[in-house]
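Written below as C-alpha cells is the structure these notes are about.
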There are 2 protein chains.
Amino acid sequence: MRGYPFDPVARKAGIATFARMTIRPASRHPHGQPSIASVAARAGVSIATVSRVVNGVANKASAETTARVRQAILELGYRPISAGRDLRQRSSRIVALLTANLANPAMAAIAAAAEAALRADGLVMVLCDTHDRPDLQDEYLLAMRAQRARAIVLLGAVASPGLARMQAEGETLVFVSRRSPHGTATPFVGIDNRRAGTEVARHLVGRGCADLAVVHGALSSSATAERLAGFRAEARRLGCALPPRAILSAAATEHLEIGYQAMSVLLRRGRAPTGIFCTSDLIAFGAHRRLLEEGLAVPRDLTLVGFDDSPLNDWVAPWLDSVRVPYDSFGPAIARAIAGSPDADAETTLPHRLIVRTQPPPERRDD
Amino acid sequence: MRGYPFDPVARKAGIATFARMTIRPASRHPHGQPSIASVAARAGVSIATVSRVVNGVANKASAETTARVRQAILELGYRPISAGRDLRQRSSRIVALLTANLANPAMAAIAAAAEAALRADGLVMVLCDTHDRPDLQDEYLLAMRAQRARAIVLLGAVASPGLARMQAEGETLVFVSRRSPHGTATPFVGIDNRRAGTEVARHLVGRGCADLAVVHGALSSSATAERLAGFRAEARRLGCALPPRAILSAAATEHLEIGYQAMSVLLRRGRAPTGIFCTSDLIAFGAHRRLLEEGLAVPRDLTLVGFDDSPLNDWVAPWLDSVRVPYDSFGPAIARAIAGSPDADAETTLPHRLIVRTQPPPERRDD
DNA sequence: CGCATGAGGGAAAACGTTTTCCTAAACGCT
DNA sequence: AGCGTTTAGGAAAACGTTTTCCCTCATGCG
C-alpha cells in the first residue's frame, strides 16, 4: 500500500471514497485539457491502469476498475493527446496523401474517399498538393517523415530523389493510380489501364469511327502510358492503325490546356478525326471547348471519350463518354493496403467501366 | 568540464577532433531516424545548443558552433520529430480543415488554396469531410483537439454542441464562407454574400427577365441566407417582387439533386421562369440537366445564374453566369487569420465578381 | 582592483503517453 | 502445507523536443 491508496473493501463495494479522491496529488489537469494523470487521480488508480483501459489491454483490470476509469474519462471528457502516444510509439496515426493536383475533380474524389476510409480506421489524413513538382514532393515527403506518418499515399507520384530514397529505406508507401516511377513494386491501387484503353478503342471502332486520334497527358505517368498502349494495340488489331501524328499532346501543364491546344493542332490539319480518345476528362473538356468554338458539336460531329468520369460528368458533360474509375472503392483499398500486413505488397486492381452517354452520330458519310 | 568534453582551443580553431566525436555516448540514432541527440554528438555540443540553432535563438551560439551544428544536421539529414516538439510546446503545427462537402469543387478549391498558404507558414493541413453532419463534425473537432491542432478552420460549419463548446472555450476557430451558427463573431473569411445577391438581381432584371425564381440550399447556411436576402430585396426594389412560391428548395442533401428536383417543380407549374438564381453552381447544374431533358436551352430560353464559379465552369458550363468567389485569396486570408494575433477576430471580406458568360436571349416575347 | 554585464553553452526538468518490469494476492493443484 | 499460475495493478523508464536555470569566462567601467 505504498504511495497509492489501496482499499480492496471499498473497491469491491464500488464505493468511490472521498479519501481516495483527495489523497492523490490533486493534479486536475493544470494545463487546460485533462490528461491521463487527472483521469487516474479521479478514478483512484495509476496512470498505467488508465492507459490499459483506454487501449483495451486484456486481463489487466477488473471489471470494476474498468468501469470506474471509464466513468472518470467520461466525466472529464478525456481524450489521449496524440503527441504523447506518437512519441512513445515512434509512429503517429497520420497518413499523408500526396496528390498531384487537387484541382482535378478525380483526385479530389479519391482524396475524399481515402479520408473517410482512413478515419474509419482511426487514422487522420493530411493532404498535400505536389502540383506534380518533384521538389515539392520531396519537401512533403520529408515533412511527413518528421510527422512520423504511418504511411504515405502517393496519388500520382512523380520521380524524385527523395522518393527513391524513401522507397529504398522501406518507408510505407502506397502508390495510387500511377505506379512508382522508381520501379520495384510497392503496394499499388488502381485499375487496369491497358485493358481500359483497349475497350475504348473497341468502342470507337465499333461505332464506326474510322479516323481516330489520341490526346494524352504526360507519358511519365504509367497510367497514361498504359491507356495509350492498350488503345493503340487494339486499334491496330481492329485494322484501324493510328499514324504517329494522330497521337499527340501539348506543352502545357494543365490538362485543360493540353486538350485545348492539341485540338487546335488537329483542327488546323484539316477535318477533325471522328473519334478522339482523351486520357483524362480534363483533357476532353479542353478539347470540347475548342470544338465548340469551331462550331462543331459532340457527339453530332465526332465522338469524344474521356477518362476518370467524375460524378459531375452526368450533370455537366452529357456529351462525354468516359471510363469510370470507381473512386469510392479506392478509399477502402488504400486503407487495406496500409493496415493489412500480409498482402501488403500486393496490387489491388479495381474494376473500371466505360460509360457511354452518347448515341452514335447519325450516318452522314454521304454529305 | 563535467560530463561533456569542452575544448575551447580546438573549438576556436574549428577543428572537429576525433576525440570529441567519440568520447560522446555514441548514440548514432539507434532507432532509424537521426535525433537531436545524434546531431549533438556529431557536432560535439549539447542537445540544448542544437535545439537553439535549429530554432534560431539569438545570442546563444557562436558563429562557429552554429556552423558546426548546421554541418552535422546536413550530414545526418536531421529533421526534428514533431511529436517531441508538440509535446513540449503543447501545440502542434497542424491545422484542421473541416469541410462540409469535398465533392463540391468550390470546397476542393478552397482546400487546395488553404493547403498551399498554410504550408508556406510551416503548418500542415489535415482534411476532414463532415458531410454537413453535426455528429461527424463533433467527432472531428474532438479528434483535432486531441491532435492539439493549432487552429481549426470550418469551411461550412454546421451547428453542433461540440462546436458551441469549443467556441466558448476559446479554441482557435476560423469560419470560412459560412458564419458561425452559434453567433459570436470569431474570425471569418468570406465574401459579401448579400451584396452579391443584389448584383445578381440587378443582372437578371437588367437583362429583361421579368419572371424570376430562386433555388436555394439549406438556409441554415448564413451564406445562402444572405445571398437570398440580398437578391430578394433588390428584386423588390426594382419592381420585380418574387412571390413566395418562386423561392424554393428541395428535400435533398446533394445540391445537384436539389437543383434537379426544384426545377421539376417549377416546370410542373407551367412555363419556366425567365431568370433563375441558384445559390450554388451545383444547384445550377442540377437545374440545367432538368431543363435539357425538357428540351429547353440555356441561355436561349432562360438565364441561369449560379454561385461559386469554379474555374472548371469556363470549360464545361459556358451557359452559366455565376458569381466568382476568389478561391485563391481564401488561402492567404485563412493563413493570416491564424497567424495574425492583432486583427485576429476581424472579418476578412474578399471581393467577388459576377461572371457573365452568356448573351441575353434574343427578344422573343412575341411567339 | 572590484564588479556588474553579457555571451556562450551545459544539465535537467518538463510535456503525456505506452510498456516493461515487479509485486502481491488469490487460486488452483498435489 | 507447499507451490506454480493467473489476475490486478503500481513504479518507472523511455520517447524527442524545448526551455529554464545555472555556470563560466571575458569584457567594460568606475
Side-chain angles (χ1 to χ4, degrees), chain A residues 1-8 11-12 24 27 29-41 43-66 68-69 78-93 146-148, chain B residues 1-8 11-12 24 27 29-41 43-66 68-69 78-93 146-148:
Chain A
M1 200 165 305
R2 48 201 173 341
Y4 283 85
F6 188 70
D7 179 352
R11 191 153 50 73
K12 272 262 161 63
R24 300 253 164 188
S27 81
H29 47 280
H31 306 287
Q33 306 297 321
S35 77
I36 196 171
S38 26
V39 175
V45 298
S46 73
I47 62 168
T49 300
V50 176
S51 175
R52 288 190 280 246
V53 168
V54 168
N55 297 309
V57 177
N59 277 348
K60 280 309 228 174
S62 70
E64 272 177 73
T65 308
T66 303
R68 224 171 48 249
V69 170
Y78 166 72
R79 216 155 149 154
I81 296 292
S82 33
R85 165 185 303 177
D86 296 353
L87 197 52
R88 170 70 217 230
Q89 298 188 328
R90 315 182 135 78
S91 160
S92 77
R93 279 167 147 61
Q147 292 281 349
R148 289 213 150 125
Chain B
M1 200 165 303
R2 52 209 170 335
Y4 283 85
F6 187 70
D7 180 351
R11 192 155 49 76
K12 271 262 162 61
R24 300 252 165 189
S27 80
H29 46 278
H31 304 288
Q33 307 298 322
S35 77
I36 196 173
S38 27
V39 176
V45 298
S46 74
I47 63 168
T49 299
V50 175
S51 175
R52 288 190 281 245
V53 168
V54 168
N55 297 310
V57 177
N59 278 348
K60 279 311 230 176
S62 68
E64 272 178 73
T65 309
T66 303
R68 226 171 47 249
V69 170
Y78 167 72
R79 222 161 143 148
I81 296 292
S82 33
R85 164 184 307 178
D86 296 353
L87 197 52
R88 170 68 217 231
Q89 298 188 327
R90 313 185 140 79
S91 161
S92 78
R93 278 166 147 61
Q147 292 281 350
R148 289 211 149 125

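Chain naming here is simple, since letters A, B, ... match the order of the sequence lines and numbering starts at 1 in each. Quick caveat, the model's predicted, so the values are computed rather than measured. These values consider heavy atoms only, across backbone and side chains, with no hydrogens, waters or symmetry-generated copies.
Shown here for V45(A) and V50(A), the closest heavy-atom pair between the two residues is CG2-CG2, 3.7 Å. Taking all atoms of both residues into account, the shortest heavy-atom contact from A40(B) to S46(B) is CB-C, 3.8 Å. Here the closest heavy-atom approach between residue A146(B) and residue P80(A) is recorded as CB-O, 3.6 Å. Annotation for G44(B) and R68(B): closest pair O-NH2, 4.0 Å, computed over non-hydrogen atoms. Here the closest non-hydrogen pair linking Y78(B) and V54(B) is CE2-CG2, 4.2 Å. Of all heavy-atom pairs spanning R85(B) and N55(B), the tightest one is NH2-OD1, 4.2 Å.
The structure places CZ of R148(B) at 6.5 Å from CD of Q33(A), a figure rounded to the nearest 0.5 Å. With rounding to the nearest 0.5 Å, the separation of OG in S35(A) from CD1 in I47(A) is 8.5 Å. Annotation: the span from R52(A) atom CZ to T66(A) atom OG1 amounts to 10.5 Å, rounded to 0.5 Å. Going from atom CG of L87(B) over to atom CD1 of I81(A) covers 9.0 Å, rounded to the nearest 0.5 Å.
Ranking dC21(C), dT17(C), dG10(C) by closeness to the S46(B) side chain, first place goes to dG10(C). Side chain of N55(A), nearest nucleotide from dG16(D), dA11(D), dT18(C): dT18(C). Side-chain proximity of R88(B) to the nucleotides dC15(C), dT17(C), dG10(D) is greatest for dC15(C). Among the nucleotides dG16(D), dT17(D), dT18(C), the one closest to any side-chain atom of R90(A) is dG16(D). When distances are taken from the side chain of Y78(B) to each of dT17(D), dC21(C), dT17(C), the shortest belongs to dT17(D). Residue S62(A) has its side chain nearest to dA8(D) when only dA8(D), dT18(C), dA11(D) are considered. Closest to the S35(B) side chain, of the nucleotides dA11(C), dT18(D), dT17(D), is dT17(D).
The residue among T49(B) and A83(B) whose nearest nucleotide of DNA chain D lies closer to the 5′ end is A83(B).
Close to dT17(C), at under 4.0 Å from its OP1 or OP2, lies no side-chain N or O of Q89(A). Between dT6(D) and N59(A), no contact under 4.0 Å exists linking OP1 or OP2 to a side-chain N or O. In terms of phosphate contacts, R148(B) brings a side-chain nitrogen or oxygen within less than 4.0 Å of OP1 or OP2 of dG16(C).
Atom CD1 in I47(A) sits roughly 8 Å away from atom C1' in dG16(C) (whole-Å rounding). To the nearest angstrom, C1' of dG9(D) lies 14 Å from CD1 of I36(A). Here the C1' atom of nucleotide dC23(D) and the NZ atom of K60(B) are 11 Å apart, to the nearest Å. What separates CZ of R85(B) from C1' of dG16(C) is a distance of 18 Å, to the nearest Å. As rounded to whole Å, 17 Å separates atom P of dA14(D) from atom CG of L87(B). For the pair I81(B) CD1 and dT17(C) C1', the computed distance is 16 Å after rounding to whole Å.
With hydrogens and angles ignored, a donor-acceptor pair under 3.5 angstrom links the side chain of R52(A) to the base of dG10(D).
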Review item, nucleotides 25-28 of chain D N/O atoms under 3.5 Å of protein N/O:
none

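Using a 4.0 Å heavy-atom cutoff across all strands shown, D86(A) reaches no nucleic acid atom at all.
Fit an axis to the five pairs at each end of the helix from dC1(C)-dG30(D) to dT30(C)-dA1(D) and the two axes sit 50° apart, to the nearest 10 degrees.
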